[in-house]
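Here the structure is laid out as structure tokens; the discussion comes afterwards.
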There are 2 protein chains.
Amino acid sequence: MNLKKTMVLSNTYYYGNHPILVAVDNIIFGFDTVEERLKVLLFKRLVEPYAGEWSLIGSFVQEGQNIDDAASSVLEELTGITGLYLEQLKTYGNADRDTGERVISIAYYSLLKLEEDNAQLRDQHDSFWFDISEVPNLVLDHGQMVKDAIRKLKIKARRSPIGFELLPEKFTLRQFKSLYEQIYQAEIDDRNFRKKILATGLLDKLEEKDKTTSKKGAFLYTFNKEKYDEYLSRGFDIQFH
Amino acid sequence: MNLKKTMVLSNTYYYGNHPILVAVDNIIFGFDTVEERLKVLLFKRLVEPYAGEWSLIGSFVQEGQNIDDAASSVLEELTGITGLYLEQLKTYGNADRDTGERVISIAYYSLLKLEEDNAQLRDQHDSFWFDISEVPNLVLDHGQMVKDAIRKLKIKARRSPIGFELLPEKFTLRQFKSLYEQIYQAEIDDRNFRKKILATGLLDKLEEKDKTTSKKGAFLYTFNKEKYDEYLSRGFDIQFH
DNA sequence: TTTATAAACGTAAAGATAACGGTTAATTTT
DNA sequence: AAAATTAACCGTTATCTTTACGTTTATAAA
């Protein structure tokens, strides 16, 4: 329909068009600092449609509800945490993507710290944290959504200090390096990583050490919030893959 | 709504949810090689709602129509050209973004060559190519859409040889440079640009010269399609700003 | 006391970037 | 006909960045 045809509708601008069910789906990433693995949270569907199959978590967009609010509600009700990192990924809208009624899905991805013993986030009978290299077959086009989210995360990690959302308050350089290694699925040279990441000034070294992976112990670091905010506003660019 | 609550709905999985009008809006970019300006195509609305105001072109997503097809239809019916570059930008879905009925809009952006004497692409009484630095006030959240599209284009231009979509078949290095200058709204050193862009191997030098901007004349170049496809699949990275 | 190993520190060669000077080919002006 | 003009084109160097890899340190376990 081009503009002129649309214009003819005039008073009937909205009328005669076909409303469609709209949902949000959420690709939830978490970094396991113990296993040093990037994970994605998936859900086993208990009932029809697609009972027994793995899927993302989502919900329908309700009357009067902003789409961003629909996405953050899903996340908040799942985790009990507000203000988690959440960003729109892409909208999936092939007419036949849902085998039941037509549903357009707006996919979001979120990043969260996976250290806390948050009961709701623990593996449950109906949800599981999958290694991003071992995602099972998913319902509908959710597999494509996860693929697209991982691709987006790679790009995001270059232009934003993503560790701030994925690492715990205190972390070792080893953990930070392994986060990048997981995202890019590639080895990073230890010494070069250290140099580059410390040169940003983003990290404050603490007195404390973590001895879980070595006899010597590795110093813990935190993000310098001021530097972090500065990079967020002025732009950030780092490359590891 | 978390998964368990959703599950309880079971057979009524789709039932009870609220269908919403969904539209696509298109941010159409064109590079004017004569003026050496990056332009965006906007439309003066002739009738209500918002008569007399500038807006993007769009359409409602029809029953059974894929969202990507809705977006490409708008573009094809406007230009008469198929296969133009078109990519999804972002979905805008605040409940109150449309002052009439609720409409969720999926924004797309497209890139096209602006040289051809295509009547439909010329400035008309109801449409106009605006310099990207001189975009007027737009209807609803269309101004934000254009802003977001320009931001996306900057990122896109780093990771893809965008000139292929925006420049004519034959072009000068001057024109290619000015395209990047327009995208990044910054001056680029002539000699460094030439070195960097030629080093990619993307360009084939022709015998022909263009004398419109100098006495000496500037050699024309074309994209090497093989190299271009290679970069598209293996990844591209160039920085000018 | 020795061994083992992650952590931490350092260096040098190669490559990329930024800044800028000089030459060329043609037209326009004198 | 000669001089002036100007975009186009070519080249150099200093500086920063990246890559690759060698060395030392602190501690627990053998």
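Just so we're on the same page: letters track the sequence lines, and every chain starts at 1.
- Rounded to an integer number of Å, the gap from B:K177 NZ to D:dC9 P is 12 Å.
- The distance from atom NZ of B:K215 to atom C1' of C:dA25 is 11 Å, rounded to the nearest whole Å.
- Here A:K195 lies in heavy-atom contact (under 4.0 Å) with a base.
- Judged by closest nucleotide on DNA chain C, A:G217 is the one of A:G217 and B:K196 placed further toward the 5' end.
- For A:E181 (side chain) and A:I188 (main-chain N/O), a donor-acceptor pair under 3.5 Å exists by modelled atom type.
- Here A:R191 lies in heavy-atom contact (under 4.0 Å) with a base.
- Counting non-hydrogen atoms under 4.0 angstrom, A:K211 reaches the backbone sugars and phosphates but no base.
- Of the two residues contacting DNA chain D, namely B:R174 and B:N192, the nearest-nucleotide position lying further toward the 5' end is that of B:R174.
- Counting to the nearest Å, the C1' atom of C:dA6 and the NZ atom of A:K209 are 10 Å from each other.
- For the pair B:K196 and B:F193, the cation-pi criterion (under 6.0 Å, within 45° of the ring axis) is not fulfilled.
- If you look at A:F176 and A:F223, their ring centroids are closer than 6.0 Å.
- Look at CD on A:E36: it is 12 Å from C1' on C:dA6, rounded to the nearest Å.
- The CG atom of A:D189 sits 18 Å away from the P atom of D:dT17 (whole-angstrom rounding).
- Residue A:N137 qualifies as open at atom CG: its count of foreign heavy atoms under 6.0 Å is 12 or below.
- Proximity of B:T213 to the phosphate of D:dA8: a side-chain N or O atom is located under 4.0 Å from OP1 or OP2.
- B:F193 has its CZ atom 14 Å from the C1' atom of D:dA8, to the nearest Å.
- In this structure, B:D237 places its CG atom 18 Å from P of C:dG15, rounding to the nearest Å.
- At a cut-off of 3.5 angstrom, counting only N and O atoms as typed in the model, there is a donor on one side and an acceptor on the other between the side-chain of A:K216 and the base of C:dA7.
- Rounded to an integer number of Å, the gap from CZ of B:F240 to P of C:dA16 is 14 Å.
- Note: B:Y221 and B:F171 fail the aromatic proximity criterion, with ring centroids not under 6.0 Å apart.
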